[in-house]
Every structure is written in structure tokens, then in C-alpha cells.
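A, B, ... follow the sequence lines: proteins, then strands. Residue 1 opens every chain.
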2 protein chains.
Amino acid sequence: MTRFNSVVTVNGITLWEEVPALGTVGIKEVARRAGVSPGTVSNVLNRPERVAAATRARVEEAIREMGFVRNGSAATLRAGQSRAIGLVVLDVGNPFFVAVARGVEDVVSDRDHAVILCNSGESPEREARNLRVLAEQRVRGLLITPTDEDLSRLDLLRERGVAVVLVDHFATGDVCSVAVDDVAGGNLAVAHLLDRGARRLAYVTGPLAIRQCADRRKGARRALRAAGLPARALEDIVVPEMNANGGGLAAEKLLAGDLPDAIFCANDLLALGVLRALSQAGVRVPDDVALIGYDDIEFSSAAAVPLSSIRQPTYQLGKIATELLLDECDDPGGHAHQQIMFQPELVVRESSR
Amino acid sequence: MTRFNSVVTVNGITLWEEVPALGTVGIKEVARRAGVSPGTVSNVLNRPERVAAATRARVEEAIREMGFVRNGSAATLRAGQSRAIGLVVLDVGNPFFVAVARGVEDVVSDRDHAVILCNSGESPEREARNLRVLAEQRVRGLLITPTDEDLSRLDLLRERGVAVVLVDHFATGDVCSVAVDDVAGGNLAVAHLLDRGARRLAYVTGPLAIRQCADRRKGARRALRAAGLPARALEDIVVPEMNANGGGLAAEKLLAGDLPDAIFCANDLLALGVLRALSQAGVRVPDDVALIGYDDIEFSSAAAVPLSSIRQPTYQLGKIATELLLDECDDPGGHAHQQIMFQPELVVRESSR
DNA sequence: AGGGCTTGTTGACACGTTTTAATTCAGTCG
DNA sequence: CGACTGAATTAAAACGTGTCAACAAGCCCT
């Protein structure tokens, strides 16, 4: 341990004082200053009730004076796991996930844990990279919206006893999940468009390998069937990115052919992109074509034409998922896996009136 | 080290095989399997060029077979610092910071590091809590948009030799910073509104303790002066939150009195909130009142009335800041602190035409 | 043949914390 | 007065990795 010696003059008497280099103040130095053993300092930090009040005060004083900051990696190494959980989302730029993350963070910080937020960007490779980092960090638990149906990538963590909760992804059996019924949401959206009189529709979506996209489509088709319409009344427009840019691309495709009566977008960012592109091309919403999005993000109501949408309980989603996760972490034995399914809600605004 | 013994039957012969419990595969077990010393495995992981090709192949094989995952905390403990940097932003819900975070992440993952993203929510207390966690995690460096002018909270990290770069906050002297000229931006916005004929203006902003808010105001006043108008031609409307909600609050205040000719908002979220509230009250933008925001987020162009705004090079901001930070980390001695200042750009749309 | 290289590999220790069992000590009861 | 109890504290042993000095082996050159 490197040390600096400093000269201190008190009342005319010169003292040599051993001063630890900053960043070098460990539990040992604190212990020496407080005149106790390292074990006691550790107890003050982790189980203060086991330490006599006077001793505790002395130790806390020493901690303050020396600017001691506990070394998290040492604690993690010793414990075998950290006090952090991983959160892997499909797109940090999507307000849906931002809201989920808020719910997560509120619960987690109440319980004195930390969140490591990762972005898979809908790419399985990036997802795998993120999971590796989280495994290396020995996170206690994992919240993830998987990029595809293949959950085997999660085994890297699960084999090591890390609790996992799937977010916005319904699972069966041996894992917890918290989801919103996307089939119901798709049904809601398209049933509403049909009510309004639409007969030829388009579904603007990201890759159908993304379960949310596929389920919303399934619900949409169910609504068609219920109205006695054939599946071909709904044309799929698949774009690579689920953001405003992707929406622009979809609009180009739509404008190239006969416009449908109504457009259902797999999320609001796509819908905003479609709306912008259609407006620029002189198409009026909802007069020429009705439009509905999904997620009901904050911006939808402030859009050029306030956007109809399907609202999901996002904050709740993050909150419940985290509670489930931490419960499993705290009592892995007595934990029964649960699959929770929320119901979405239709919000009608100008764009489909 | 706990182990499970498993019974394996091959060709009628029963073997006892020692199998490591999962999560218990360390560098030692890999070494034994590959018939080398732990030191060599470590070398394969960290300086592969020092290991003979044949040995390396054998070790890599063993790593794959046993599903070894390096224990990050042990590595961090040994090294004294982790391969992660901290990023503390004012509001994860704000697309401005999301864009910055994207720039950061791209650089960081190229250089094989990780980002720990923290949200201070503009609260100095939460900022302090975040900094403590980052200090405990022994991050290599810190990117932060401070909540206020008091940078002493950063000493917790800086004293420990952690490199710091301020993001979107101009600093002098002994620390790197990457910022956008907010005074110029405020000037640009208000000069434009004055050009358009406005004579009585309002400035909707978050707390003026936030430097960005104060600087944009300063720029706005400079524009007034240049046009020969008194400072009182610009009324400040201060709201606690810089989001759409805050914008709604500001609009209520404005509607309670005489409406000004034009409104300058300290960011686009505020502007969207103002726009929504004004529209609901029957006020037409830009006919009754002109409106301009700040940040030029993606949604601004898709707003009810496409929003004029001040565009900042957000992605660049994150990218350059991270490069600066990692350079300082890699060569703390030969590093000269830099203050980089970008210039913002005026984007005129419907709301101030 | 032997000295000086280079290249590859090895042990052993250190990093800072938590935890367990062991120890001390004051007080209480028989 | 000695044995016992319980509370408070301690000493020592991990946790899994990276580093570094030391060592081995093979090679070239004189």
C-alpha cells in the first residue's frame, strides 16, 4: 500500500502523520483510525445493529474524515453477486421503454440496488454481447425484452442462478414474465378502424420475427374475421426500423400504390413517421386515410394530427416486473414463476375520428 | 470450491467425473482442463499475443467447453478500476440526452468498454447518489451534465483519479468539457422571432439555476438589445419540470394574462406542451402567437404545428466527449484539458413562419 | 561447447471486502 | 467465588483475477 507522509504542525510541535493516498483508503485504514478491527468496520456498513453505539459513532466519524468509499467490486467478489440488476431493452430511444425503465428504477432504488441499462437495438448479436457483460458483472437478476423467440441466449445467466423476468414478452412455464396482451391490442385497433367504416387496411410494422409485431397482426386479423372480412383486406408493410424513419419508408411504399382506407402502425414512432410523410405528400388524415398507432407515447397527443393509439400500462410493467424479479432473488426456493398479462386500452383522437 | 460429483456410464464402465458446479467455473478450472497454469489462461484472455498459438487454441477450447465467463469484479478489484464509464444525464426521458447517449455508446463499445447510465432527474441529491454508486463501482471515467454550477460533488471521483468530461456544460481550466453555445442559440431563436415582427415575448424555461436555461436567456436578451428593445420585452415563465407537463403549466400562466407575440421555449418538450395547451384554448400558432423550441428533437417536425427549433449536434456531442474521456483515461499524464464549443443552428418551420 | 538471446510458461502474491468461528469481557446466578 | 451467559469484537480465511519476477527451453553466434 503506497502512502504519503505529510508534516503537520500542532501547537509548535511537528508531527509526522501517515496519510493514505486518495483512492487507497480501504476498510483497513478506517479501522486503524477508529481503533477497531476491519471486521467491525464491515459490520458498521452492513449490520450496524450488531455494533455498540459508541463504536459505531467512532467508525462513522473515521469514514467521514477519511472520505472512505466502499469498493463495490471487492464486495461483489466476496458475495458472489452484485447489488445490481440488468435491464436489456430493444430501443432506448423508444419512449415505451423509457417509461418501463422509470418503473424499474423507482423500485430498484427503493430496495437499494442499481440498474445496468443495456440497449440491444433489436439485434440478437448486441443482445448477446450485453448478456455477456451482465454475466461478467454478476448481476443479481435480469429484466429483458428479448429480440426474438430464441430464449437460449438467456441460459448463460440462468445456468448461473440469475433470476430472469421477461418484459413485454409472454412466456410459459419456467420463467416469470410481465406482458401486455398484444393480440387484444391489435384487435382493439383494427376493430376501431373497421367500426369507422374502413374496408381496405394496411399494417405498418417492424420485422414479424419480433413477437409484439406478430401478435398485434394476429389480433388485427382476428378483428377482420369477426367483421367477416378476408385476411387480404389487411396488407402488411414491413420495414426494418421501428422508428419515424421506418414510418417514412412505409409511407413511400403506400404512396406508390392505391392508398388504403386506414393504416394501423405497430408503434407510435412509425405512425408519426407515416403521418409526416403522408402530410408532405398532401394526403389528409383522417379524411383521406385514418391512422392509429400503438404505445400512446407522450408526443402522440401533440402530433400534427393528434394520434389515436393503444395505451399500455408501461410504468406498471416495469414496476411489477422488478418486484417479481427481486422477490425471486430474495427467495429463489419459495418462488413460483408467474406470468402476468395486462390489458391495453384504446385511445381515440383526431387521426381516426 | 463446491463441486458436484456425477456418475457417467460409458461402455458399461461407470466413471466418477468431477464436474464443477455452474457459476463456479473459474480460471483455475479452465487451466486444469487445458493442462496449463492459471497465469497462462489469464494471458490468453488479456494478452493473447504472448501465448503460443497451440496453447492458446487449447485454452480457448477449454473455455468454450466449460462455459467459462470471466468474473468482472475480480478483474476490477485486481486492476483497481473497471472497464466501464459512468454517464449521468439530467433526464433519460429527454430525446436530447438519448441522442447523446447513442454517441457515447457507439464510441465506448468500439473501445470494448461499457456504459453505466444514470439519471439525475435534475436533482442534486440524486446526482450525488449516482456519483457515489459510480465511485463504488470504480468507473474509469465520468461523463456528466451537472445539475448545477457546484462542481464540488465531482471531487468524490476526481480525487480518486477518475477522468471527468462535462457534457453540455462549458467549464474553464482544469477539466474537459464539450458544450454547445447556448448563448448563441438563445440569440438565434429570439433574433428570428424579432425578425418576424414580434415585440412582446415570453421565455418558458426550467429553473434558471440550470445553466442551459440561464445561458439561452442571456442570448435572448442580447438579441433584444441588438434590436434596441428593453429587457422587459421578454417575460420569464419559470416552471419546475422541463417536459410537456411543464409546458402545460406555462401555457396556463400565459393564458391568464395578455398573450405575447411570440414564445421561446428552453426545450422542445416544453414547446410541445405549450403548443398542446394553447391549441386546446383555441389560440392559433403561429397566427396568434409564434413559437420556437430548442433541441430539434425528432418529434418536433411531426408536431401539430411543425415546430421551429434550435438544432444541436447531439450525437457528435456524445461522441467527442467520450473520445476525449477515453484519451484522458489512457494517458492521464500527457493529456491537456480541452473545452470544445459547438455552434447551434436555426431550423425554421411552421410554428414561427 | 558455452554464453547470451528470445519466447513461453509458471507460481505466488495482492487487490478490499465479508463472514465464520473464536475470543474477550462484564454481568448474573447458583 | 466460580461457572455460565450473552453481547461485542476480532483474527483469519476465503472470493477469482492480473502481474511480475523467475525459470525453462530452444536458438544463434562466437
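- Taking a 6.0 Å sphere around CZ of A:Arg50, one finds it holds 12 or fewer heavy atoms contributed by other residues, nucleotides or ligands.
- When only modelled atom types and interatomic distance are considered, B:Arg126 and A:Ser109 share no side-chain donor-acceptor pair under 3.5 Å.
- In the set C:dG16, D:dT17, D:dT9, the nucleotide with an atom closest to the side chain of B:Ile27 is D:dT17.
- For the OP1/OP2 pair of D:dT9 and a distance below 4.0 Å, the side-chain nitrogens and oxygens of A:Thr40 include no atom meeting the criterion.
- Remark: A:Arg56 is not in phosphate contact with D:dA8, judged by side-chain N or O atoms under 4.0 Å from OP1 or OP2.
- When the side-chain nitrogen and oxygen atoms of A:Arg70 are compared with OP1 and OP2 of C:dT18, one or more of them lie within a distance under 4.0 Å.
- For B:Arg32 (side chain) and B:Lys28 (main-chain N/O), no donor-acceptor pair under 3.5 Å exists by modelled atom type.
- The residues A:Glu61 and A:Arg64 are annotated as salt-bridged, a charged nitrogen and a carboxylate oxygen being separated by less than 4.0 angstrom.
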Salt bridge (Lys or Arg N to Asp or Glu O under 4.0 Å) evaluation trace for B:Arg129 with A:Asp112: CA-CA 11 Å; B:Arg129 227 165 50 209; A:Asp112 190 29; over 6 Å; no
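- Computed from coordinates, the B:Gln81 CD to C:dA14 P distance equals 21 Å when rounded to whole Å.
- If you check every strand for non-hydrogen atoms under 4.0 Å, A:Val36 touches sugar and phosphate atoms only.
- For the side-chain contact (heavy atoms from CB on, under 4.5 Å) criterion with A:Val139, the lone passing option out of A:Val115, A:Leu131, A:Ile116, A:Ile85 is A:Ile116.
- Counting any heavy atom pair closer than 4.0 Å across all strands shown, A:Val51 reaches sugar-phosphate atoms only and no base atom.
- For the pair B:Glu49 and A:Ala79, nearest-nucleotide mapping onto DNA chain C gives the more 5' position to B:Glu49.
- Rounding to whole angstrom units, CD of residue A:Glu136 and C1' of D:dT17 are separated by 12 Å.
- Summary of the strand contacts: B:Ser37 and A:Asn71 both lie near DNA chain C, and taking for each the nucleotide with the nearest heavy atom, the more 5' one is attributed to B:Ser37.
- Nucleic acid contact for A:Ser73: none, since no nucleic acid atom lies under 4.0 Å from a heavy atom of the residue.
- Interface remark: the A:Arg78 side chain does form a donor-acceptor pair with the C:dT18 base, using a distance-only criterion of under 3.5 Å.
- For A:Asn43 and C:dT20, the CG to P distance is 11 Å, given to the nearest whole Å.
- Whole-Å rounding puts the B:Lys28 NZ to C:dG11 P distance at 14 Å.
- In this structure a side-chain-to-backbone donor-acceptor pair under 3.5 Å is missing from A:Asn43 to A:Val51.
- A salt bridge is defined here as a Lys NZ or Arg NE, NH1 or NH2 lying under 4.0 Å from an Asp or Glu carboxylate O, and B:Arg153 with B:Asp148 meets this definition.
- Rounded to a whole Å, the CG atom of B:Leu77 is 10 Å from the C1' atom of D:dG18.
- Direction change of the helix axis from one end of the helix from C:dA1-D:dT30 to C:dG30-D:dC1 to the other is 60°, with five pairs defining each end axis (rounded to 10°).
- One interatomic measurement links the two molecules: CD of B:Gln137 to P of C:dT17, which rounds to 13 Å at whole-angstrom precision.
- Taking only side-chain nitrogens and oxygens, A:Ser42 never comes nearer than 4.0 Å to OP1 or OP2 of C:dT19.
- At whole-Å resolution of the value, CE in B:Met66 and P in D:dG16 are 13 Å apart.
- Rounded to whole angstrom, the span from the CZ atom of A:Arg32 across to the C1' atom of D:dT10 amounts to 17 Å.
- In the set D:dG18, C:dT18, C:dT9, C:dT18 carries the atom at the smallest distance from any side-chain atom of A:Asn46.
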